[in-house]
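Any value given below was found using the heavy atoms of this structure, including those in side chains, with hydrogens, waters and symmetry copies removed. Lettering follows sequence order; numbering is per chain, from 1.
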2 protein chains.
Amino acid sequence: MDVDPHSLVFGALSSATRRRILDVLKAQPGCSVNDVASHFEMSRIAVMKHLKVLEGAGLVLSRKEGRRRVLHFNPVPIQEIYDRWTTEFSKHWAARMTRVKYVVEAQGDSDER
Amino acid sequence: MDVDPHSLVFGALSSATRRRILDVLKAQPGCSVNDVASHFEMSRIAVMKHLKVLEGAGLVLSRKEGRRRVLHFNPVPIQEIYDRWTTEFSKHWAARMTRVKYVVEAQGDSDER
DNA sequence: CCGACAGGTAACATTTTGGTTACCCATGGA
DNA sequence: TCCATGGGTAACCAAAATGTTACCTGTCGG
């Protein structure tokens, strides 16, 4: 995994567990680390590490409140990737569909992997 | 990294190298493995492994043509994630911006990471 | 004040990732 | 035919990711 923001966000989202954590934070904004951990089988420490990855990608915002850490989902990084990739891929989408269809058909008899 | 399609696509995109490979395939559709490898410092084998990851995520389509392997970028998996996440996050975006702003301001004095 | 509770660190084990070199196979051109 | 070219596999290695347990720190409630 690299250091640029894109890689951090994609890397964070590449784990089903972390995406589930985001779901929890969306459903219960402002909840604590233990609140999140209670939804998973793994140890609280493992959840904390996932939270650190998510926070490093900017997908989670947190602050200490007394002895609790208050967690919030932050959609902004996703929105940013969204905006960039829309403009970048929009020219490929409709235009490419025919080509992709051709490729898929043409490889019908080839070796798959 | 898990096995579900989402994780595969996000995982594939989490590497700047692999995103650059996609750029090459977008610019030179139908090019060969060596064509791609010529754009990078690393060995051809390393590039092939990246291509395998991309193909596993459905982002690259390939077929054998003589002794060459012909490569194409496939935007469909990104489009699918796009569609799903649009509907899933759209309710959070505009609505959340005020909350996020609040959170950011409120944590102004807290520890950052 | 003191114990329970929430969180954080450290050290460790295991698995996955990302790269290498060495070697093999197939094909296409002279 | 024969060899250069493109591709593929195997074995190996270092580093990073992902989980664990053990232990420490700070804060809230009684």
Side-chain angles (χ1 to χ4, degrees), chain A residues 1-4 7-22 24-25 28 30-57 59-72 107 110-113, chain B residues 1-4 7-22 24-25 28 30-57 59-72 107 110-113:
Chain A
M1 201 129 63
D2 320 78
V3 287
D4 64 296
S7 297
L8 290 177
V9 175
F10 284 128
L13 294 175
S14 73
S15 151
T17 299
R18 285 193 288 265
R19 293 198 304 278
R20 278 182 56 208
I21 290 180
L22 291 185
V24 170
L25 294 189
Q28 309 175 29
C31 68
S32 70
V33 172
N34 274 329
D35 289 341
V36 175
S38 69
H39 290 77
F40 297 86
E41 296 298 313
M42 70 193 104
S43 71
R44 175 182 57 89
I45 288 80
V47 172
M48 279 182 44
K49 290 188 181 180
H50 283 300
L51 283 170
K52 189 168 291 191
V53 172
L54 289 166
E55 202 166 354
L59 291 164
V60 164
L61 300 174
S62 81
R63 65 178 187 279
K64 206 74 185 283
E65 229 173 52
R67 62 180 166 180
R68 298 176 67 245
R69 178 160 292 277
V70 171
L71 302 166
H72 284 274
Q107 83 173 154
S110 92
D111 46 18
E112 190 57 60
R113 225 259 121 236
Chain B
M1 199 128 65
D2 320 76
V3 288
D4 65 295
S7 297
L8 291 177
V9 176
F10 283 129
L13 294 175
S14 73
S15 150
T17 299
R18 286 194 286 265
R19 293 197 303 277
R20 279 183 55 209
I21 290 179
L22 291 185
V24 171
L25 295 189
Q28 310 174 27
C31 68
S32 69
V33 173
N34 274 329
D35 289 342
V36 175
S38 69
H39 289 78
F40 296 86
E41 296 298 312
M42 69 192 104
S43 72
R44 174 182 56 89
I45 288 80
V47 172
M48 279 182 43
K49 290 189 181 180
H50 284 300
L51 283 170
K52 189 168 292 190
V53 172
L54 289 166
E55 202 167 352
L59 292 164
V60 164
L61 300 175
S62 81
R63 65 178 187 279
K64 206 76 183 284
E65 229 173 52
R67 60 181 168 181
R68 297 175 70 244
R69 179 160 292 276
V70 171
L71 301 166
H72 285 274
Q107 85 174 154
S110 93
D111 46 22
E112 190 57 58
R113 228 242 138 247

**Q** Rounded to the nearest Å, what distance is computed from the CG atom of residue B:Leu54 to the C1' atom of nucleotide C:dT17?
**A**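 Taking atom C1' of C:dT17 as the reference, CG of B:Leu54 is at 14 Å.
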**Q** Starting from P on C:dG19, measure out to CG on B:Leu51 and report it in whole angstrom.
**A** 12 Å
**Q** OP1 or OP2 of D:dT20 less than 4.0 angstrom from a side-chain nitrogen or oxygen of A:Ser43, does that happen here?
**A** yes
**Q** From CG of A:Leu71 over to P of C:dG7, roughly how many Å is that when rounded to an integer?
**A** 8 Å
**Q** For C:dT17, take OP1 and OP2 only and decide whether either is under 4.0 Å from a side-chain N or O of B:His50.
**A** no
**Q** Does either side chain, that of A:Asp35 or that of A:Ser38, offer a donor lying less than 3.5 Å from an acceptor on the other one?
**A** no
**Q** If you find the nucleotide of DNA chain D closest to A:Met42 and the one closest to B:Lys49, which residue's nucleotide is nearer the 5' end?
**A**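 Nearer the 5' end of the strand: B:Lys49.
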**Q** Tell me, please, which residues at least two apart from A:Ser43 pass side-chain contact (heavy atoms from CB on, under 4.5 Å).
**A**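 Applying side-chain contact (heavy atoms from CB on, under 4.5 Å) to A:Ser43 gives A:Ile45, A:Ala46.
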**Q** Who pairs with B:Arg44 by side-chain contact (heavy atoms from CB on, under 4.5 Å), at least two apart in sequence or on another chain?
**A** B:Val33, B:Asn34, B:Ala37, B:Met48
**Q** What is the per-nucleotide protein-contact pattern of nucleotides 3-8 of chain D, from the 5' end, where B denotes a base atom under 4.0 Å from a protein heavy atom, S denotes such proximity for sugar-phosphate atoms only, and - denotes neither?
**A** -BBSBB
**Q** At what distance, to the nearest 0.5 angstrom, does NE2 of A:His72 lie from CD of A:Gln28?
**A**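 If I round to the nearest 0.5 Å, the distance is 12.0 Å.
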**Q** Nearest whole Å is fine: how far is D:dA17 P from A:Lys52 NZ?
**A** 13 Å
**Q** Rounded off to whole Å, could you give me the CZ-to-P distance for the B:Arg18 and C:dG19 pair?
**A**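 Result: 8 Å.
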**Q** Would you compute the distance between atom OG of A:Ser15 and atom NE2 of A:His50 and round it to the nearest 0.5 angstrom?
**A**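 Going from the OG atom of A:Ser15 to the NE2 atom of A:His50 covers 5.0 Å.
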**Q** Both A:Gly66 and A:Val47 contact DNA chain D. Taking the nearest nucleotide for each, which residue is further toward the 5' end?
**A**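 Nearest nucleotide further toward 5': that of A:Val47.
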**Q** Once rounded to the nearest 0.5 Å, what's the spacing between atom CG of B:Leu13 and atom CZ of B:Arg18?
**A**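 The distance works out to 8.5 Å.
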